[in-house]
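Worksheet for the structure shown next.
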Amino acid sequence: MSAIHGLPPALRELSMKTLFKTILCALALAGATFTLTAQESAPAAPAAAPAEPTLEQRVGDIEAYMNNAARVTEAGTSKIAGPGPGHNAWQMVSTALVIFMTLPGLALFYGGLVRKKNILSVFAQCFGIAGLVTILWWAVGYSLSFGSGGNAFIGSLSNAMLNGVESGATGAGYYWISDTMWAMFQLSFAIITPALIVGAIAERMKFSAVLLFVTLWMFAVYFPFAHMVWATDGLMCGPLNPNAAIKAIDFAGGTVVHMTSGWSALVLCIILGPRLGFGKEKMTPHSMVLCSIGTGMLWVGWYGFNAGSALGADAIASNAFATTTLAAATAGFVWAVAEWITRGHPSVLGFCSGIVAGLVVITPGAGFVTPSSAVIIGILAGIVPFIFVSYLKAKFGLDDALDTFGVHGVGGTLGAILTGVFASEKANAVVGPLKDGLLVEQLKAVALTIVWSVVATAIIAYIVKAVIGLRPTPEVERQGLDINEHGEEGYVD
Amino acid sequence: MSAIHGLPPALRELSMKTLFKTILCALALAGATFTLTAQESAPAAPAAAPAEPTLEQRVGDIEAYMNNAARVTEAGTSKIAGPGPGHNAWQMVSTALVIFMTLPGLALFYGGLVRKKNILSVFAQCFGIAGLVTILWWAVGYSLSFGSGGNAFIGSLSNAMLNGVESGATGAGYYWISDTMWAMFQLSFAIITPALIVGAIAERMKFSAVLLFVTLWMFAVYFPFAHMVWATDGLMCGPLNPNAAIKAIDFAGGTVVHMTSGWSALVLCIILGPRLGFGKEKMTPHSMVLCSIGTGMLWVGWYGFNAGSALGADAIASNAFATTTLAAATAGFVWAVAEWITRGHPSVLGFCSGIVAGLVVITPGAGFVTPSSAVIIGILAGIVPFIFVSYLKAKFGLDDALDTFGVHGVGGTLGAILTGVFASEKANAVVGPLKDGLLVEQLKAVALTIVWSVVATAIIAYIVKAVIGLRPTPEVERQGLDINEHGEEGYVD
Amino acid sequence: MSAIHGLPPALRELSMKTLFKTILCALALAGATFTLTAQESAPAAPAAAPAEPTLEQRVGDIEAYMNNAARVTEAGTSKIAGPGPGHNAWQMVSTALVIFMTLPGLALFYGGLVRKKNILSVFAQCFGIAGLVTILWWAVGYSLSFGSGGNAFIGSLSNAMLNGVESGATGAGYYWISDTMWAMFQLSFAIITPALIVGAIAERMKFSAVLLFVTLWMFAVYFPFAHMVWATDGLMCGPLNPNAAIKAIDFAGGTVVHMTSGWSALVLCIILGPRLGFGKEKMTPHSMVLCSIGTGMLWVGWYGFNAGSALGADAIASNAFATTTLAAATAGFVWAVAEWITRGHPSVLGFCSGIVAGLVVITPGAGFVTPSSAVIIGILAGIVPFIFVSYLKAKFGLDDALDTFGVHGVGGTLGAILTGVFASEKANAVVGPLKDGLLVEQLKAVALTIVWSVVATAIIAYIVKAVIGLRPTPEVERQGLDINEHGEEGYVD
Amino acid sequence: MKLIIAIIKPFKLEEVKEALAGIGVEGMTVTEVKGFGRQKGHTEIYRGSEYTVDFLPKTKLEIVVGDDLAAKAVEAITAAAKTGKIGDGKIFVLSVEDVIRIRTDERGEAAV
Amino acid sequence: MKLIIAIIKPFKLEEVKEALAGIGVEGMTVTEVKGFGRQKGHTEIYRGSEYTVDFLPKTKLEIVVGDDLAAKAVEAITAAAKTGKIGDGKIFVLSVEDVIRIRTDERGEAAV
Amino acid sequence: MKLIIAIIKPFKLEEVKEALAGIGVEGMTVTEVKGFGRQKGHTEIYRGSEYTVDFLPKTKLEIVVGDDLAAKAVEAITAAAKTGKIGDGKIFVLSVEDVIRIRTDERGEAAV
Ligand SMILES: Nc1ncnc2c1ncn2[C@@H]1O[C@H](COP(=O)(O)OP(=O)(O)O)[C@@H](O)[C@H]1O
Ligand SMILES: Nc1ncnc2c1ncn2[C@@H]1O[C@H](COP(=O)(O)OP(=O)(O)O)[C@@H](O)[C@H]1O
Ligand SMILES: Nc1ncnc2c1ncn2[C@@H]1O[C@H](COP(=O)(O)OP(=O)(O)O)[C@@H](O)[C@H]1O
């Protein structure tokens, strides 16, 4: 609560009332619009023909494309109103890469870390979440996140069923990418975020409970955060919303993706309780091979995540590509060396953990910091989550099975803060006007994200527990989720 | 036969004679041109210099690039005659993605589903087909499919050995992609199509028989279909051939890829007979982990397949990207839920099957239907093949080992029909003039594809059986193909 | 030594003195600059505003982008001075693909070939090298390779810590890609090259020794070669350096990547000695499944390597895409058929080896030869390394555990020579003025690469041996590197 | 009581299991093993090297039965596992001194 | 000397090991096996087909002990492995004629 | 007849097999097992947790031989498997009541 009191007056006024209205309304509307209709509004009739652009203007438009900038022609007159090929190509690639991160990237990364008897449950959760979230996103999720005409906390239902999202139009996301690709790119983020939570509750949550939890969580946490941080009228959208109550910046999802999932994971894993036999039985990863493959895929897929968040194949994307590479490689190396020094062995799990931590921590700043800052961020990313995971976690007796909180929660929070420290207009002109006091704004965003995620998750978790229960029977858990919940085994001789 | 009688007169006239001439000629010519020659025709001498384009025209050409449209300058005068970077980049990415679908995507998807002792045979078949088809494609395949100067059923030999396919030229495929990339993109389709058949005959066909079968099948089925459906003078190329006897549409290969392979798989698997012990011994997938990895790769690779078929990074590609995503995710979820309801468990194999079914069914319509139609198509894709595979297949006593027919045959046919139902000019202007009566044309295309595939495959299968035999000895089959046919084991302790 | 005497006088003069100065200076400077500083030089102040470009010039610049050519406006006046979207998008994709080649591609390819007890050591080596080389590259490596103001053998320290490498600038690599992406693309090559060496020394080298060896090797071999072959003032940069002493061509790294790593691998594996039990115990690949997955990933990733080396999504890239595909598929098929004929079985390892050999051999010529030449190169790539690996290796009693020398050393050398034979201005205009006497220049480059790599590796290996020792204790080697060096097991039941 | 150890061809497991169930054997323990006998293995080739794999995959059954059932069990296994080809496997019979059912602490024949 | 063969539930391994260490048993050999008994298996579904998996994963311990320790060892295992639910497993006791420690060539009880 | 159970270090398998072939032993069955004895295991580290792995991979041989060959077989195994280091393993000798060759129905020494 005190965190809320630290918010600026404008926000305080809005917050409590609008917030609850928002959550309730989102949940309510969801049901209402969840009916399928194949009818779609007719395409907008062409307005009265405006003046032809001059040759100079036409060249200007093309140059704008080259520079990933706004068209110079008046609205509706551009001869190249559709998506620009290079930027749109990169957006398609990036979206495919982010989907690759979840399937099979994250599924392998997490799947390798569980015991043999639960590997398929991890895959089922990732596949199930991908399907569920896609359907939600199409129905109302995109619209609640980015539909126009909402408030600072949530969008609207004006784009339900992707109504009005035209593949030939641009501008919903950025100047030169197809509006449809914007919706798809954002979908890929909406899929991976709840999938990250799976790591904290692995090996001991019912499949039905996972799906119900995720459904509610998307409405209560994800859609509002996507809106608040990345919609032009969002509460915390520093770069685009001049009226933002919190002028924070988040390039590719430090708060929206990693902090929400990480802190929610913490709460859910506490409410759920530890795995049977935790602390007594050996629970070593059953396949560091799969985990390593997943790590490589996450690394590569993350270019879509970070460099794709430039929304164009421009200089910002190139910079984000470099910062991502440097942070990931450095953090992986530092984590392994830290293990080497403190425990005598540089482990493959150490490399994997460090690489993912580096990727997480650089995410919010990827397009805002310079490459050399990324190296420093990478070093910190290899140290801070390492200390948490290796020393502090045990103190708290947490069974964050695959360290979702340790890596995404701790790392996402660290990243959001370091973005405030290292963001530089040398890397991105957007930073210029926001740099003053940025760190404070970042801290406000961090505080709001933590409080919101923790409270919402606690409520949802208890609802799910009450309605269908969270955990399988002890026998099922002992024998493994794979054969009991999915009727299959991961490996058959 | 009666299917043929249902064809329009123009076609009936052509068909019987030309058809057989085509197949025979293709087979015959193949041998003749299969000799290697490094000499290539000299590049065409530049014609007498035409008038310089005006500045306005030059800007028009660039705008045409931006819109993935035809150049405005006269032929031979454009200052930007080569491939356009954004579109060509996307074509390269797409081609790489489709190759990724086969290697390792499909190999893993299928390989995970066989028993441990046959995993390498699946890999060998995929690798072998990739090599064989590439060599055929370079020698004559591309030319028989797309070489100019052919008839409605088959191309010519004018581009044998990729002669005349210049990387600096455009137009063979579309306005702005390199002709070479067109040949490579199509090659990636030519590789995966016969590789799909492998699923029906897994665990019990000799490697040599697979290679011989595929060689003949490419000439008798694939090259003709690629030509008929996608060449500008092809029999069923509705969008590009004003004289097409069947004005059907197939965006990314519902007939060419999935129906030909699926129906051929059915016939081949019947002629081959079931695996030893089928119905008595347990034949569970040996690794749902590998199958799941393969599914993820297929999903991601399919963006190259579908969005790549727009032949440019334009609005159509963006739409195809969205329809592909929505159909795949929805179908996966629906299939798993259908299992949950009917059998008590949502299995990972259910998710994987549904995802692939969704991808298959959306393929022919990916660039022709709207995103919301894709959701409906996804739902049907999660139900119809599910019913076939789970209930009907057993009735027929089929040993379609990995369900190539159930997913690609049934799904491809469903997709071709649904494309006729849902294609909309809102999604793609090309649909406009063809929409009237489209469903009937689609049904004709479906009928022709089934009849042709079934007849050709039956003939080829019996030829291969007569010449070298189809099946290994029972001992070899019992012990596994890996150690006997390839001298290796998949896993060594 | 006699190889050196065969060099042209200009080179002979330079060589001995400059060479040693270069190596020493590189090693010395490295230490000095290895301190971290977050300060970076201020961006260059804008020069006095030059004349506005005319509309014609502006259109010319855009056309130059379309054609991946030099801007027509005066330096500093272009309205589109930044990276061009299509080309830059392709460069980002290519870089991601090359990173995918190492992680997880190469790690899987090699990891599948070792025994179960050493699989994680291969992953650790790949991850460790990725981290180490990235840090070196950022600190001084890029600058020593491509920093301006160096000599024919090595760059300078002017771009240490990527100072002056701006994401909004172009020209460091090529006309339209971000300078930052050039640095990242080259980084991905710098990572995979030493990682290739791992194959020769697998299962028997201490992790610390690998890291120390690689550190020294980068300074003594990699950075100089990247400079000599690809920097505009490099000793062997035929296409860009009019003063090059050796006017050789190497499109994507036949000498720089495959020959340096292959020949160094040979020397290192001899100095290291064979694995305990070599020739007596069975040392079969523990998982041809992993190896096959890795092969598929290498194939797909290689498009970034080869087509990415066009530094733009242009006709040259398209041609390189085609030659890469044809050579890989052909070589894989030929190798397997060669096995079939000589040993009775086409093995999956045969396909994998052939595919990688095809990719290696086409690499130096990918953008310089025609597709049909690529087929011939593919055939040779399937035969020559096959003969070496299957027959000659055993004669020499070499324990090149995973055939790094057999495939990359032999294949890289073959490729460099065949590039001299098949390079054609039909494929690439750059070849025109160099074609005369090209084969001799290629042979000189080959000789220099072999001598340099062999000598430098021998010295470094003995240094590492003296300082920290190369091999683990016999017990550790017997029990496996995984549990002893990394405290983990690859597979846990 | 007797411990019957049977080494059989893996694909015969199902049939043997059914044959044993037929005569009232209610429990058994199965292990995957590698067998070395008269049956020849195969050759594997990896690049330069050829390896003779002379260990073949076999399935080992361990069945404890009362003395009365032992002969019938051996017969049932022999009948079900036979193909008549080399490599069909062997059966070893050992004497068991005591049997304990962990769940109930029962001992001797009652625990079998 | 006796050879004690115990088939237990896999997750009980750690407890049984500790119980045995408690009474002075210093060595044992562990094998992963599949067990078939009164405990029912589960059903697996793969597309069209349902399979009943009636073999359950079990862990087999082989422990050779001197005659004096045998009874205590059986007791320790029984106590540690019991859950009271079906599938807890069985213990078989066989007589061993000789034991040899390879490293030292020791024989008999001294080698145990 | 005797059942010889030998627990050896995995990398000694080839040598032991050859030694046995040398004295005329024609068949054996091999199982991968995990051994627990005086030899210390190693420590594995996974993020926050350290695990002591005290089970080491071992190879178990089961060889049935006629009474006459038993002593020689034990000797051959001991000689071939010895490294002199801790963890070399053990050999247990049990008495076998009957042997049946499934293929031929032969029994007793003839079936070995
Ligand atoms: N003396 C033996 N001791 C232990 N196991 C044996 C022995 N002889 C054979 N076996 C097992 O029986 C299997 C079959 O024996 P083999 O000699 O191949 O054929 P057959 O059963 O026709 O005599 C072997 O693979 C091995 O596992
Ligand atoms: N007669 C037998 N011979 C060999 N192993 C047996 C026998 N009976 C049971 N087992 C082993 O013991 C395990 C447990 O037996 P089961 O009948 O399921 O339960 P319970 O231990 O409660 O009697 C089985 O899975 C099997 O491995
Ligand atoms: N009492 C025992 N019962 C069963 N197996 C044993 C016993 N003692 C040792 N073993 C097996 O022998 C292996 C080697 O024993 P260990 O005590 O490590 O060394 P050593 O052979 O030098 O005495 C163990 O790993 C275990 O598999």
Handout entry: ring pair (Phe, Tyr, Trp, His ring centres under 6.0 Å) partners for F333(C), two or more places apart
Key = none

Heavy-atom pairs under 4.5 Å with chain C: which of [options] has the most?
options: G168(B), A183(B), P83(B); result: P83(B)
options: T102(B), L132(B), I119(B); result: L132(B)
options: A124(B), G86(B), C126(B); result: A124(B)
options: M184(B), H486(B), M92(B); result: M92(B)
options: T95(B), V59(B), V165(B); result: T95(B)
options: S188(B), A107(B), G128(B), A130(B); result: G128(B)

Once you round to the nearest 0.5 Å, how far does [atom1] of [X] lie from [atom2] of [Y]?
X: S318(C); Y: I177(B); atom1: OG; atom2: CD1; value: 9.0 Å
X: S292(C); Y: F127(B); atom1: OG; atom2: CZ; value: 4.5 Å
X: F100(B); Y: L97(C); atom1: CZ; atom2: CG; value: 9.5 Å
X: E63(C); Y: I62(B); atom1: CD; atom2: CD1; value: 5.0 Å
X: D482(B); Y: S347(C); atom1: CG; atom2: OG; value: 11.5 Å
X: L103(B); Y: I293(C); atom1: CG; atom2: CD1; value: 11.5 Å

Contacting moiety of [X], where chain C heavy atoms sit under 4.5 Å:
X: L187(B); value: side chain
X: L211(B); value: side chain
X: W137(B); value: neither
X: E485(B); value: backbone
X: S78(B); value: neither
X: L120(B); value: both

What option among [options] has the most heavy-atom pairs under 4.5 Å with chain B?
options: K282(C), R115(C), H286(C); result: H286(C)
options: T295(C), L55(C), V348(C); result: V348(C)
options: V289(C), V337(C), N319(C); result: V289(C)
options: K116(C), M66(C), E56(C); result: M66(C)

Please classify the contact of [X] with chain B as side chain, backbone, both or neither, using a heavy-atom distance under 4.5 Å.
X: A317(C); result: both
X: Y65(C); result: both
X: L349(C); result: both
X: A336(C); result: neither
X: P346(C); result: both
X: C352(C); result: side chain

Handout entry: Candidate pair E489(B) and M288(C), rule side-chain contact (heavy atoms from CB on, under 4.5 Å), full reasoning
Key = CA-CA 7 Å; E489(B) 288 174 279; M288(C) 278 310 303; over 6 Å; no

Problem - Donor-acceptor contact present, side-chain N67(C) to main-chain G84(B), <3.5 Å - result: no

Which atom pair, heavy atoms only, marks the closest approach of [X] to [Y]?
X: Y303(C); Y: A96(B); answer: CD1-CB, 3.8 Å
X: A313(C); Y: N88(B); answer: O-ND2, 3.1 Å
X: N484(B); Y: H345(C); answer: O-CE1, 2.7 Å

Exercise for the section: Dump the intermediate steps for side-chain contact (heavy atoms from CB on, under 4.5 Å) on V375(C) and I135(B), then the final yes or no. Expected result: CA-CA 8 Å; V375(C) 173; I135(B) 295 169; 5.8 Å; no

Exercise for the section: Would you indicate whether the side-chain heavy atoms of S372(C) and W138(B) approach each other to under 4.5 Å? Expected result: yes

Practice task
Determine whether the aromatic ring centres of F207(B) and W340(C) lie less than 6.0 Å apart.
Solution key: yes

Exercise for the section: Inspect the surroundings of CD in E425(C) and state if more than 12 heavy atoms from other residues, nucleotides or ligands are less than 6.0 Å away. Expected result: no

